Amino acid sequence: MFRTLDTADLRDKRVLLRVDLNVPMENGKVTDATRIARVAPTITEIADKGGKVIILAHFGRPKGRDEKDSLRPVANALSHVLKRHVDFAADCIGPEAKTAVDAMKPGDILVLENTRFHKEEEKNDPAFVQALAALGDIFVNDAFSAAHRAHASTEGLARKLPAYAGRTMQAELDALTRALVAPAKPVIAIVGGAKVSTKIDLLENLVGRVDALVIGGGMANTFLHAQGVKIGKSLAERDLADTARRIMDKAEAAKCAIILPVDAIVAFHFEANAPSQAYGLDAIPADGMILDLGPLSVERVNHAIDDARTLLWNGPLGAFELPPFDRGTVAAARHAAERTKAGKLVSIAGGGDTVAALNHAKVADDFSYISTAGGAFLEFCEGKPLPGVEVLRVK
Ligand code: 3PG
Ligand code: MG
């Protein structure tokens with residue numbers, strides 16, 4: 001249980017609002033404003049209820065003050081999305097921040113400079129927490145995607161001030177609860193991406209929770225190799241064969257079906273439009289590379305989706321950034337989107353490359369929920385407590 005904006009008294013209050021504005025930027029311009037759009041409703045709700053919205057956020061991973069990681073251009077992008085005036089202060093604590101906050105009227109919106117310009121932020125330093133807390137009356141955290149960090153603005157502040165979950169935080173927690181904590185069964189997970197090594201904890205947790213686990217992408221090659229399949233020159237972590245076998249044993253003990261590719265699209269160069277062909281697993285050429293699911297595998301994945309009522313998706317199933325090796329990912333994503341639109345499936349996706357892959361498949365609006373969180377989504381799905389979420393729980 002979390003306190004939400006439903007019960008917050010916001011009128012005339014100085015509301016310290018933590019959001020995730022860590023958006024992709026090129027040459028000073030925001031190239032994908034999804035995260036900004038996600039937090040916009042929380043900002044306008046607080047402003048429209050008469051709160052003074054004081055926005056805290058990090059950007060990049062600066063070591064101390066570094067103008068290339070300034071939030072100023074992001075504050076401009078936020079103003080465009082909100083279609084409202086947004087002020088900016090060049091520090092998140094101290095006289096500059098205080099002067100800007102003191103000048104605010106109810107409904108005003110102010111962005112404070114990158115919290116990570118102070119090294120105390122990542123240390124969750126008590127004096128820094130106090131300096132932030134002095135600027136506000138209440139704290140709202142809408143940055144689920146930064147909630148795996150126990151930083152001053154994600155964790156420390158929630159101990160100092162009355163703390164609430166913002167609307168995006170609420171939506172993320174609702175979606176992840178529907179996927180993993182109290183899902184409609186059967187549950188299927190689809191996990192792809194290049195490497196097993198980054199997803200061991202995820203796979204180990206999922207096999208104990210879901211009814212079927214589809215493994216695709218480069219990481220599937222490691223599992224195939226562990227089963228004795230000759231995978232040619234495919235990307236794989238051959239030293240993790242024991243880990244892969246352990247995960248498969250664990251799945252068997254937990255009655256979780258592991259669904260691996262049964263055929264593959266193989267090319268001889270890792271590049272877009274490289275000549276390619278489908279092969280059975282007993283016939284992968286020694287100098288070939290598996291770059292996508294084969295047609296029989298896609299059919300199998302789609303059948304597995306048909307058998308499920310809940311789907312959790314993380315990671316692409318092939319080298320989706322190189323056409324035509326995006327086909328397996330796109331086909332499975334579209335199938336999941338159809339099942340969702342038909343009311344047969346709750347589909348939740350998130351983490352790393354997943355949003356890009358699902359945008360590419362043009363299904364982003366048809367899934368039940370797509371998280372913009374990377375590391376936080378993974379850690380939640382690994383079964384780990386997120387400090388920024390735990391601190392918001394009503395005891
Ligand atoms: C993200 O981009 O995933 C979040 O903003 C967290 O950023 P971090 O990994 O630098 O803490
Ligand atoms: Mg990041």
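Bear in mind the structure is a predicted one, so any value in this text is a computation, not a measurement. Counting convention: from 1, in listed order, for ligands and their atoms alike.
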Please walk me through it: do Arg167 and Asp6 pass salt bridge (Lys or Arg N to Asp or Glu O under 4.0 Å)? CA-CA 10 Å; Arg167 296 304 183 194; Asp6 293 333; 2.8 Å; yes
Counting from 1 in the order shown, the ligand 1 atoms closer than 4.0 Å to a non-hydrogen atom of Arg149 are 8 (P), 9 (O), 11 (O)
Quick look: Arg116 vs ligand 1, heavy-atom contacts under 4.0 Å, and the answer is side chain
Near Arg61 (heavy-atom distance under 4.0 Å), the atoms of ligand 1 are 8 (P), 9 (O), 10 (O)
Taken to the nearest 0.5 Å, the spacing of Thr115 OG1 from Glu121 CD works out to 3.5 Å
Note: His151, heavy atoms under 4.0 Å from ligand 1, region reported as neither
If we number the atoms of ligand 1 from 1 as shown, the ones under 4.0 Å from a heavy atom of Ser145 are 4 (C), 6 (C)
Worksheet entry | Residues, nucleotides or ligands: over 12 heavy atoms within 6.0 Å of Arg238 CZ | yes
Tested for side chain to side chain contact (heavy atoms under 4.5 Å, CB included) against Ile109, the lone hit among Leu17, Ile54, Ile55 is Ile55
One finds that the ligand 1 atoms under 4.0 Å from a non-hydrogen atom of Asp20 are 4 (C), 5 (O)
_Between Ile138 and Leu161, does the side-chain contact (heavy atoms from CB on, under 4.5 Å) criterion hold? Intermediate values first, please._
CA-CA 5 Å; Ile138 71 172; Leu161 295 175; 5.5 Å; no
